[in-house]
Trainee: 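First the structure, which I've put down as structure tokens, then a few questions once you've had a look.
In this text, all values refer to a predicted model and were calculated from it rather than measured experimentally. For this chain, numbers begin at 1 and follow the sequence in order. In listed order, ligands and their atoms are each counted from 1.
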Amino acid sequence: MSLAAKIPEIQLDSVEMRYRTEAADVLALHQVSLDIAKGEFVSLLGPSGCGKTTLLRLMADLITPTAGDIRVAGKSAKEARLAQKYGIVFQSPVLYDWRKVKHNITLPLELLGVKRSVREEKALELLELVGLQGFADKYPWQLSGGMQQRVAIARALSMEPEILLMDEPFSALDEFTRERLNEELLSVWSKVQSTIVFVTHSIPESIFLSDRVFVLSPHPGRLSAVVDIPLPRPRTPQMRNSPEFFELVARIRGSFEGV
Ligand SMILES: Nc1ncnc2c1ncn2[C@@H]1O[C@H](COP(=O)(O)OP(=O)(O)OP(=O)(O)O)[C@@H](O)[C@H]1O
Ligand SMILES: [Mg+2]
């Protein structure tokens, strides 16, 4: 293994995030240290307010920690952001209703001044990747919520990011659509091979998707457990009903007890 391959893709060392508000200071994250390997799929799991979004925003350099250090591929989070290493998908897809689907996907490329023909070709390729071929000329309001979220994923992938940060992208969707999108996301991931950090409240979702689950607890937000998910890949829907899966659910649930 080369030296470069041994450097974790994302590395947090004693990271603290304190929000200063007029009323009081909020210690959102306390002493968080973790490593994420290149190409790994990890989830950040925990109850509301435990600091998942804060952790994701720190990794993306959208906010700066009040203490501790964040390295991305051996660089600072800011250098990684400037090198466009990140793609981000939020809970709601934030699409522009007046732009066609293909033009929503190519917006980041347009802002960079990439040629129209190259952009259009890329949009078609990405639409196929997320299973939306044939929808290029539709408008977002003509699509279902699940389809809109797939458009948002395609847009995040347009810059070919090394790291995809996803903040509860499927939590507004019904259970059936969510499970299907979980499978589709894994299929996309196997093709693009980026590192994925996925935020969720759902224990089964975190298990189905991840190589490892980082369990966070609130007040103050901290890392309370790291659980390896040894289920083989590719993951299949049947695995959700396996004894191994239920055992992992029980283990993760147990790690919340007494918190
Ligand atoms: N901009 C801010 N200013 C002040 N406090 C904040 C800010 N953003 C988050 N917080 C506080 O930090 C803590 C962690 O918030 P965060 O949004 O990271 O949690 P979360 O785990 O993503 O929650 P949810 O599951 O509800 O999205 C909460 O107590 C929240 O109120
Ligand atoms: Mg959040």
Trainee: Given Lys102, which of Glu128, Glu120, Glu110 fulfils the salt bridge (Lys or Arg N to Asp or Glu O under 4.0 Å) condition?
Mentor: Glu120
Trainee: Determine, step by step, whether Glu125 and Lys122 satisfy the salt bridge (Lys or Arg N to Asp or Glu O under 4.0 Å) criterion, reporting the C-alpha distance in whole Å, the side-chain angles of both residues, the deciding distance to 0.1 Å, and the verdict.
Mentor: CA-CA 5 Å; Glu125 190 186 301; Lys122 189 75 191 171; 3.5 Å; yes
Trainee: Would the number of heavy atoms belonging to other residues, nucleotides or ligands and lying under 6.0 Å from CD of Glu121 be above 12?
Mentor: no
Trainee: Please find the pair of heavy atoms, one from Ser194 and one from Pro161, that lie closest to each other, and give the distance.
Mentor: CB-O, 3.5 Å
Trainee: Look at atom CZ of Arg253 and say whether more than 12 heavy atoms of other residues, nucleotides or ligands are closer to it than 6.0 Å.
Mentor: no
Trainee: Just so I know, are the side chains of Arg71 and Asp69 near enough to count as touching, which here means a heavy-atom distance under 4.5 Å?
Mentor: yes
Trainee: I need the contact residues for ligand 1: any residue with a non-hydrogen atom closer than 4.0 Å to the ligand, ordered by chain then number.
Mentor: Tyr19, Thr21, Val26, Ala28, Pro47, Ser48, Gly49, Cys50, Gly51, Lys52, Thr53, Thr54, Glu168, His201
Trainee: Please determine whether Thr53 has a backbone or side-chain N, O or S atom lying under 2.8 Å from the Mg ion (ligand 2).
Mentor: yes
